[in-house]
Amino acid sequence: MKAPQAKKIEKILEIHGDKRTDSYFWMNERENPEVVQYLNEENAYADFIMKDTEAFQEELFEEMKARYKKDDESLPYLFNEYWYIVRYEEGKEYPIFCRKYKTLESPEEILLDVNILAEGQDYFEVGSVAVSPNNELTSFSSDNVSRRIYTINFKNLKTGETLPDKIENTTGKAVWANDNKHIFYIRKDESLRAFQVYRHELGTDSSEDVLIFHEEDETFDVNVFKTKSLEYIFLASSSTISDEHRFIPASDVFADWKIIQPRIDDLEYSVEHYEDEFYIITNADDATNFKIVKTKIDNCGMENWVDVIPHRPEVLLEGFEIFKNYLVIEEREEGLLQIKIIDEKTQESYYLPFSDPTYTAYIGTNLEFETEVLRYGYTSLTQPGSTYEFNMKEKTTVLLKQQEVLGGKFNPENYVSERIWADSRDGETGIPISLVYHKDTVKSAETPVLMYGYGSYGHTVDASFSNVRLSILDRGFIYAIAHIRGGEYLGREWYEEGKMLEKKNTFFDFIDAAKHLVKENYTSSQHLYAMGGSAGGLLVGAVINYEPALFNGIVAQVPFVDVVTTMLDETIPLTTGEYDEWGNPNDEEYYHYMKDYSPYDNVEAKSYPNMLITTGFHDSQVQYWEPAKWTAKLRELKIDDNILIFKTDMSAGHGGASGRFESLKEDALEYAFILKLESR
């Protein structure tokens, strides 16, 4: 079978006196039968190229699936007199939401069986489930297209009846007022931006819902939530670099909304409530790595904020949890997460001890105020995810649940993790790399390495355990995470140095990290592979334009690769809200900088590594046509005989297939592709 050759229709795109020719612009016509035909042809070609791995893909899928407990359930948590549990039944793909009254020995009540709701659907996802304060009703939202546009429904938990109320085109989130008859929710505009907050009264048609807030600035979106104390409802309006919060008592839906602090450029803050005060984590007053302040509810403007945890240049504050007698801080120093506990009565403070060289630790679900018990999570590259309870008074720890790895083969002692540092090309910056491999794997130029990166939005890819990853570790691979700039692994400045007009640092860090692995004899370019998704797809796409011979193969998952065209199109979801991340190409300086790294705009007539590119036809975050156009242009221009395959899930979106195990087939395809290359 020959590779598909997409037709070319020349389109000239001009701005700032600069012309770009886009011969595949026509692919953004979602309803065009020729577009669908091209995607189907690419799928058929991918199946043809990978046909010799079909049995192996099935083996990998069954191997991955066998490690999971088929009838697993979440750790129960107590809230408002009920224990809540999410469980799975063997042979079923979707969760069952349950609860038990007061004790875990009480009879189970099923709130929602998603397996029933998903019957007959190619795709189905529940966005959120929220129970009313009187425990008699629940809202639940669902998406059956994979565009992250949710419909909210309601259920009477006493009778099991689904109520006639239905609210469409929402973010999926519903927040109950304390009167048990009003909820607040968010609608999306045509570009899928969360832009309006509404109030709905049960028993009325959604056309009668009251608009509470309309965010007119297209670089902002909105959120709504209830405080842990359940006493206040908050409406947050946020851009990448600015926040504004307003609130009402949860017991008075008709109250006037009060603003804590009006939006100011570069002022970020988030809020929690305790007694007569708000606790706020913020970057105010040049607190680059954030600090915690508090203020009286009645007089809460920024001029009244008082430091609780001052800013420390070497420590990034990531979050906090308030208890009656304790304040718990989540912070990051030299890349590693730490949990600090402060006794509010004695002002004694200490850290929970963690020993792995690279790991993830985080504050878990803690819904109770008047408790001495902290629930937290921990995982590392060799240790499955675990949830602990720590008694802050007695300083004792109990393991509540650890992710089970079935199949009888897994032993954490068989795996080794380490953290190393690569020198960046600027000579001043060290790039952290987390590694994991089987203890029998010998590092050499012949050792295969799969290197993962992201590096955008300040999102940090921490070192965590993966059941799926064992399938390549057990086959002699080293797995590497490059903690590159654009994330916040080394603090807020690490993010700032990998965005806007410094975005290229992200790509160069990844390249420098890869070259370090080669130099230190962990691997060689013939056995080095790169993987990234979404903005991480942009990463690997840019990297192969800069250094096409550095990797033997790449996997680009739902890649954001047509940067300039997308950022110039304000009708595309997320575009306007992204200006503070990438810059606005309507500004000539940003336009030329983006154009200089955009993977699609920089495809040339040269050799490229082997490539597997994936997308979802209904993707709401990175439209399917970006990787489709990129694939077509690569086919047109590349001069090598390396594999290039493009796979579109015609029924899924940005997150891939729905269902608990269906997504493992995507993992199996990716690993089969890499292992196919490695065996040649």
Side-chain angles (χ1 to χ4, degrees), residues 4 6-16 18-30 32 35 38-39 42 191-192 454-457 499-500 503-504 506-507 532-546 554-579 581-587 590-604 608 611-638 644 646-648 653-654:
K7 72 175 184 179
K8 298 171 67 175
I9 303 175
E10 188 174 280
K11 182 166 180 79
I12 305 298
L13 304 171
E14 183 174 0
I15 187 173
H16 307 306
D18 183 63
K19 293 182 179 180
R20 292 179 300 133
T21 301
D22 189 348
S23 300
Y24 303 106
F25 189 87
W26 64 274
M27 288 187 183
N28 70 358
E29 301 168 6
R30 190 184 300 273
N32 185 340
V35 171
Y38 170 69
L39 298 179
E42 286 285 2
S191 69
L192 304 187
Y454 187 74
S456 291
Y457 305 106
K499 63 185 284 197
M500 306 288 273
K503 187 63 208 171
K504 291 179 187 177
T506 301
F507 317 135
S534 195
L538 160 64
L539 166 69
V540 297
V543 162
I544 61 169
N545 280 332
Y546 288 120
I554 71 159
V555 177
Q557 307 154 318
V558 293
F560 172 43
V561 285
D562 191 13
V563 182
V564 179
T565 305
T566 290
M567 293 304 297
L568 283 168
D569 187 349
E570 295 183 3
T571 69
I572 293 176
L574 304 180
T575 292
T576 54
E578 302 277 289
Y579 289 155
E581 178 71 25
W582 313 100
N584 184 345
N586 291 295
D587 179 319
Y590 285 101
Y591 169 81
H592 288 293
Y593 188 80
M594 281 182 194
K595 182 186 173 188
D596 199 45
Y597 70 72
S598 171
Y600 181 65
D601 290 292
N602 289 283
V603 174
E604 298 174 332
Y608 283 91
M611 301 173 67
L612 167 61
I613 302 168
T614 65
T615 191
F617 187 58
H618 300 290
D619 196 326
S620 61
Q621 289 185 264
V622 178
Q623 308 303 309
Y624 72 86
W625 59 76
E626 292 199 39
K629 290 165 55 178
W630 187 41
T631 301
K633 192 171 183 180
L634 283 162
R635 289 212 191 285
E636 174 194 350
L637 294 177
K638 77 188 192 81
L644 169 59
F646 174 45
K647 190 80 171 174
T648 303
H654 199 65

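Keep in mind that what you see is a predicted model, and the values were worked out from it rather than measured.
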Do [X] side-chain atoms and [Y] backbone N/O form a donor-acceptor pair below 3.5 Å?
X: W26; Y: K7; result: yes
X: N602; Y: S598; result: yes
X: R635; Y: L644; result: yes
X: N545; Y: P599; result: yes

Evaluate the side-chain proximity of [Y] to [X]: yes if any heavy-atom separation is below 4.5 Å, no if none is.
X: V564; Y: Y600; value: no
X: D601; Y: D562; value: yes
X: Y590; Y: M567; value: no
X: T631; Y: Y38; value: yes

Please lay out, stage by stage, how F25 and I9 fare under the test side-chain contact (heavy atoms from CB on, under 4.5 Å).
CA-CA 8 Å; F25 189 87; I9 303 175; over 6 Å; no

Checking [Y] against [X]: is there a side-chain donor and acceptor pair closer than 3.5 Å?
X: K503; Y: T506; answer: yes
X: S23; Y: K633; answer: no
X: T566; Y: E626; answer: yes

For [X], give me all partners under ring pair (Phe, Tyr, Trp, His ring centres under 6.0 Å), at least two apart in sequence or on another chain.
X: W625; result: none
X: Y624; result: F617
X: Y597; result: F507, Y593

Looking at [X] and [Y], what are the two nearest heavy atoms and their distance?
X: M594; Y: G583; value: CE-O, 2.9 Å
X: R20; Y: K595; value: CG-CE, 4.1 Å
X: V555; Y: V540; value: O-CG2, 4.3 Å
X: S534; Y: V622; value: OG-CG2, 3.8 Å

Measuring from [X]:[atom1] to [Y]:[atom2], what's the distance to the nearest 0.5 Å?
X: E636; Y: K8; atom1: CD; atom2: NZ; answer: 3.5 Å
X: D22; Y: T565; atom1: CG; atom2: OG1; answer: 5.5 Å
X: M500; Y: W582; atom1: CE; atom2: CH2; answer: 11.5 Å
X: Y454; Y: L538; atom1: OH; atom2: CG; answer: 9.5 Å
X: L568; Y: I15; atom1: CG; atom2: CD1; answer: 5.0 Å
X: E581; Y: K499; atom1: CD; atom2: NZ; answer: 6.0 Å

Yes or no on side-chain contact (heavy atoms from CB on, under 4.5 Å) for E570 and Y579, after CA distance, side-chain angles and deciding distance?
CA-CA 11 Å; E570 295 183 3; Y579 289 155; 3.2 Å; yes

Kindly indicate, with the supporting measurements, whether the criterion side-chain contact (heavy atoms from CB on, under 4.5 Å) is fulfilled by T21 and E10.
CA-CA 7 Å; T21 301; E10 188 174 280; 3.5 Å; yes

What's the verdict on side-chain contact (heavy atoms from CB on, under 4.5 Å) for L634 and I613, showing C-alpha distance, side-chain angles and the deciding distance?
CA-CA 11 Å; L634 283 162; I613 302 168; 4.2 Å; yes

Looking at Y608, is K638 sitting on its ring face, NZ or CZ under 6.0 Å from the six-membered ring centre and within 45 degrees of the normal?
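No.
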
